Amino acid sequence: MAIALVAAAAYGQSSPPATQEQGQAGKMDVAKLFATTCGWCHEGGGRKQGRGPKLAGTDKSDAFMVTRIKQGKPPGMPAFGKSFNDEQIQAIISYIRALPDTP
């Protein structure tokens with residue numbers, strides 16, 4: 001491990017390269033992420049309106065959704081910019097885009 005840290009420092013990396021095990025554990029289950037974070041308000045997995053709007057079939061741009069996820073919209077939509085990284089946000093947007101527009 002010490003060698004990996006030295007090698008990472010030599011190449012300007014802040015952490016050692018991920019091992020295969022870490023890579024497998026790091027796979028993101030975006031449906032679960034959405035259900036446990038967004039699904040409280042965007043019901044039916046985003047396919048129907050709840051406290052938040054229905055997301056399936058949205059005409060909002062990706063840029064709009066990135067901003068909304070990161071900054072939120074008071075009073076109801078919390079900001080998730082410090083909770084989600086860019087990869088997670090893009091995965092959530094891809095999940096929303098793939099939702100069927102029927103409940």
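Numbers for residues simply follow the sequence, beginning at 1. All of these numbers come straight from a predicted model, not from anything done at the bench.
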In the structure I gave you, are the side-chain heavy atoms of Ile93 and Ile89 within less than 4.5 Å of one another anywhere? yes
Let me confirm one number: the CD1-CZ distance from Ile92 to Phe34, rounded to the nearest 0.5 Å. 8.0 Å
Can you confirm whether Leu55 sits close enough to Arg47 that some side-chain heavy atom of one is under 4.5 Å from a side-chain heavy atom of the other? no
For a 4.5 angstrom cut-off between non-hydrogen side-chain atoms, does Met65 reach Gln90? no
Closest non-hydrogen contact found for Ala56 with Pro100 is CB-O, 3.3 Å
Among pairs that include at least one residue of residues 43-73, which meet ring-ring contact (aromatic ring centres under 6.0 Å, His included), considering only residues two or more places apart or in two chains? none
Nearest-0.5 Å distance, SG of residue Cys38 to OH of residue Tyr95: 9.0 Å
Would you please test Asp101 and Lys54 for side chain to side chain contact (heavy atoms under 4.5 Å, CB included) and show each step? CA-CA 9 Å; Asp101 196 11; Lys54 172 185 167 187; 2.7 Å; yes
Atom pairs and distances, donor-acceptor, side-chain atoms in residues 69-83, under 3.5 Å, two or more places apart:
| residue | atom | partner | partner atom | Å |
| --- | --- | --- | --- | --- |
| Lys70 | NZ | Asp86 | OD1 | 3.1 |

Sequence neighbours left out, what pairs pass side-chain hydrogen bond (donor to acceptor under 3.5 Å, both in side chains) with at least one residue falling in residues 37-46? none
